[in-house]
Amino acid sequence: MADQQALDEVVEFTSGLIRIDTTNRGGGDCRERPAAEYAAERLAGAGLEPLMLERTPGRTNVVARIAGTDPSADALLVHGHLDVVPAEAADWSVHPFSGEIRDGVVWGRGAVDMKNMDAMILAVVRSWARQGVRPRRDVVVAFTADEEASAEDGSGFLADEHPELFEGCTEGVSESGAFTFHDGSGRQLYPIAAGERGTGWLKLTARGRAGHGSKVNKENAVTRLAAAITRIGEHEWPLRLTPTVRAALGELAALYGVDVDFRDVDRLLEKLGPAAKLVEATVRNSANPTMLDAGYKVNVIPGEAVAYVDGRYLPGGEEEFRTTLDRLTGPDVDWEFAHHEVALQAPLDSPTYAKMRAAVEEFAPEGHVVPYCMSGGTDAKQFSRLGITGYGFAPLKLPEDLDYQALFHGVDERVPVEALHFGVRVLDRFLRTA
């Protein structure tokens, strides 16, 4: 069991990491090194020999291995990213990089995405060192750069250039799983992620005939682009149920006493009430226009117009995604991937999933563990290149009045101290037995 010092340290480390501004604005505008040094120093304090690795100066990753007691067992990767998305201080109740601890809550950018999990990992590892604990499997700990952009300086770099550091790793755990989901009727669900939709960020380019804004122009690039993104934004994607989502729907339906009819999933989702939020974004592919760039003067029709679309596709759904985009963009608009990563799926009948479930149930016996598929993506995509199966498991016990999902990339991001204590206990229990 994690000791009292671990419970104190997880709060200290969450606050300390938040105070290190690792804002990732994309395009290489980020510097994770100070946070990497913070993590490496605390790993070294636990008797480990952390490696600090960079593809680009200042974009630092940290990797360390803890030897297990069973040399024949497969190794387990436990990873978290050090970068965070931007935050406008004027919009927040507290400064987003203050790491303020107030009324039993730690405030700041990264409190849930995902410096809380980074702190849990550090606290557990240091607790093991004090108690002389060794896990059954080798545990590889990785803190990465650049997850909030392309991951080229982070997990992508590690997987491509340093695969030897992850030798023997067959499974990995990271963010976005085992948190409390309150359904509004008193039930507490704990979704564990066993899949991710693939990432298809798109650049659309429309070309036409440049000319004077007062003239008739039937080859207007802006008009062509606007028509294409309207078709994309209004498209209704067909239903596609992956094994993970099908299992999630089945378990939720059983929990709520609802008949399962996969022929009418939209109706099934209605019957599940608020719990449908766990799966409704992952029963289809999606594509949402997000950025526009065209023209340079109001009376000039530009010869080119550009848009960006956030596309996501289910495991097995990439071909449908591509052919649908070909049709929706039409003959006058070209598209290409601005960023492209695979969709993932993990088995639910694995011993590792069973042990994650057992760890949550030990400390939240009133809860109901269910599988789910993430609508977005994590560093597990890049680590999958090494044959590592990824799960989302960053445990938190949350109060009903805290909208956890809204805090991701949101204003006033924060995490309760008690949630961090729960996370350390559950993560410790899982990693000892995994």
Side-chain angles (χ1 to χ4, degrees), residues 13-43 50-64 79-92 94-99 106-119 121-122 141-162 165 174-176 196 199 201 203 290-291 308 310 337-341 376-383 385 394 407-415:
F13 296 164
T14 301
S15 176
L17 285 166
I18 289 170
R19 288 197 299 271
I20 302 170
D21 184 348
T22 53
T23 299
N24 190 341
R25 297 175 180 82
D29 185 3
C30 184
R31 187 170 181 270
E32 293 92 348
R33 187 172 183 89
E37 291 173 343
Y38 184 99
E41 180 181 339
R42 280 146 188 81
L43 290 174
L51 296 174
M52 298 179 64
L53 303 147
E54 294 181 344
R55 171 179 175 265
T56 304
R59 311 302 306 277
T60 315
N61 304 273
V62 182
V63 182
H79 58 102
H81 62 84
L82 297 169
D83 59 327
V84 297
V85 296
E88 290 291 337
D91 298 333
W92 286 57
V94 302
H95 194 281
F97 298 104
S98 68
V106 185
W107 293 71
R109 177 60 86 218
V112 299
D113 187 15
M114 63 172 297
K115 290 180 175 179
N116 61 337
M117 177 63 166
D118 297 336
I121 296 168
L122 291 171
V141 172
F143 297 108
T144 62
D146 204 27
E147 192 273 348
E148 295 291 3
S150 66
E152 291 178 0
D153 280 311
S155 56
F157 161 67
L158 293 176
D160 294 344
E161 301 297 329
H162 295 281
L165 298 177
S174 190
E175 62 184 317
S176 297
E196 301 181 5
T199 304
W201 294 347
K203 179 183 180 181
T290 55
M291 296 172 64
Y308 288 86
D310 185 338
F337 284 117
H339 180 57
H340 178 218
E341 278 296 345
T378 72
D379 278 333
K381 295 184 182 304
Q382 286 72 31
F383 287 124
R385 301 173 194 171
L407 295 178
F408 276 81
H409 300 189
V411 173
D412 283 346
E413 188 178 347
R414 60 199 184 276
V415 63

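Here the structure is a predicted model, which is why all the values come from computation and not from measurement.
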> Taking it one step at a time, do Glu32 and His81 satisfy side chain to side chain contact (heavy atoms under 4.5 Å, CB included)?
Replying inline: CA-CA 9 Å; Glu32 293 92 348; His81 62 84; over 6 Å; no
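- Atom CD of Glu147 is separated from atom CG of Asp113 by 6.5 Å, given to the nearest 0.5 angstrom.
- In terms of heavy-atom proximity, Gly377 sits nearest to Glu196 at CA-OE1, 3.3 Å.
- Using a 3.5 Å distance cut-off with no hydrogens or angles, the side chains of His409 and Glu148 do pair a donor with an acceptor.
- Every residue two or more places apart in sequence or in another chain that forms a salt bridge (Lys or Arg N to Asp or Glu O under 4.0 Å) with Glu37 is listed here: Arg33.
- Counting only distance, with no hydrogens or angles, the side chain of Ser174 and the backbone of His79 share a donor-acceptor pair below 3.5 Å.
- Note: Met291 CE to Trp201 CH2 = 11.0 Å, rounded to the nearest 0.5 Å.
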> Going through the distances and angles, do Thr199 and Lys381 end up as a side chain to side chain contact (heavy atoms under 4.5 Å, CB included)?
Replying inline: CA-CA 9 Å; Thr199 304; Lys381 295 184 182 304; 3.4 Å; yes
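- Using a distance-only test at 3.5 Å, with no hydrogens or angles considered, a donor-acceptor pair links the side chain of Arg109 to the main chain of Val85.
- Remark: the backbone N or O of Leu82 is paired with a side-chain donor or acceptor of Thr22 at under 3.5 angstrom.
- Within the 4.5 Å cutoff, no side-chain heavy atoms of Tyr38 are placed close to those of Asp118.
- Contact record, Pro50 with Val62: CB-CG1, 3.8 Å, taken as the closest heavy-atom pair.
- Counted by atom type alone, Thr290 and Asp310 present zero donor-acceptor pairs between their side chains at under 3.5 Å.
- Contact detail for Ile20 and Pro34: the closest heavy-atom pair is CG2-CB, 3.7 Å.
- In plain terms, the two heavy atoms of Gln382 and Thr378 that are nearest each other are OE1-O, 3.6 Å.
- Judged purely by atom type and a 3.5 angstrom limit, Glu413 uses its side chain to pair as donor or acceptor with the backbone of Val112.
- With sequence neighbours excluded, the residues satisfying side-chain contact (heavy atoms from CB on, under 4.5 Å) with His340 are Tyr313, Glu318, Arg322, Phe337.
- The line from OG1 of Thr56 to CZ of Phe157 is 8.5 Å long, rounded to the nearest 0.5 Å.
- Note that CE of Met114 and CD1 of Ile121 are 6.0 Å apart. Values are rounded to the nearest 0.5 Å.
- Residues meeting the side-chain hydrogen bond (donor to acceptor under 3.5 Å, both in side chains) test with Trp92, sequence neighbours left out: none.
- Closest of all the heavy-atom pairs between Ala151 and Asp379 is CB-OD1, 3.9 Å.
- Using a 4.5 Å heavy-atom threshold, the side chains of Arg19 and Phe97 count as separate.
- Checking Thr60 against Glu54 by side-chain atom types alone, a donor-acceptor pair falls below 3.5 Å.
- Atom CE in Met52 sits 10.5 Å away from atom CD in Glu41 (nearest 0.5 Å).
- No donor-acceptor pair closer than 3.5 Å links the side chain of Asp83 to the backbone N or O of Ala145.
- Judged purely by atom type and a 3.5 angstrom limit, Lys115 has no side-chain atom pairing as donor or acceptor with the backbone of Gly108.
- Between the Asp146 side chain and the Asn24 main chain, no donor and acceptor come within less than 3.5 Å of each other.
- Taking CZ of Arg385 as the reference point, atom CG of Asp160 lies at 4.5 Å (rounded to 0.5 Å).
- Closest approach of Gly26 and Ala149 over heavy atoms only: CA-CB, 4.3 Å.
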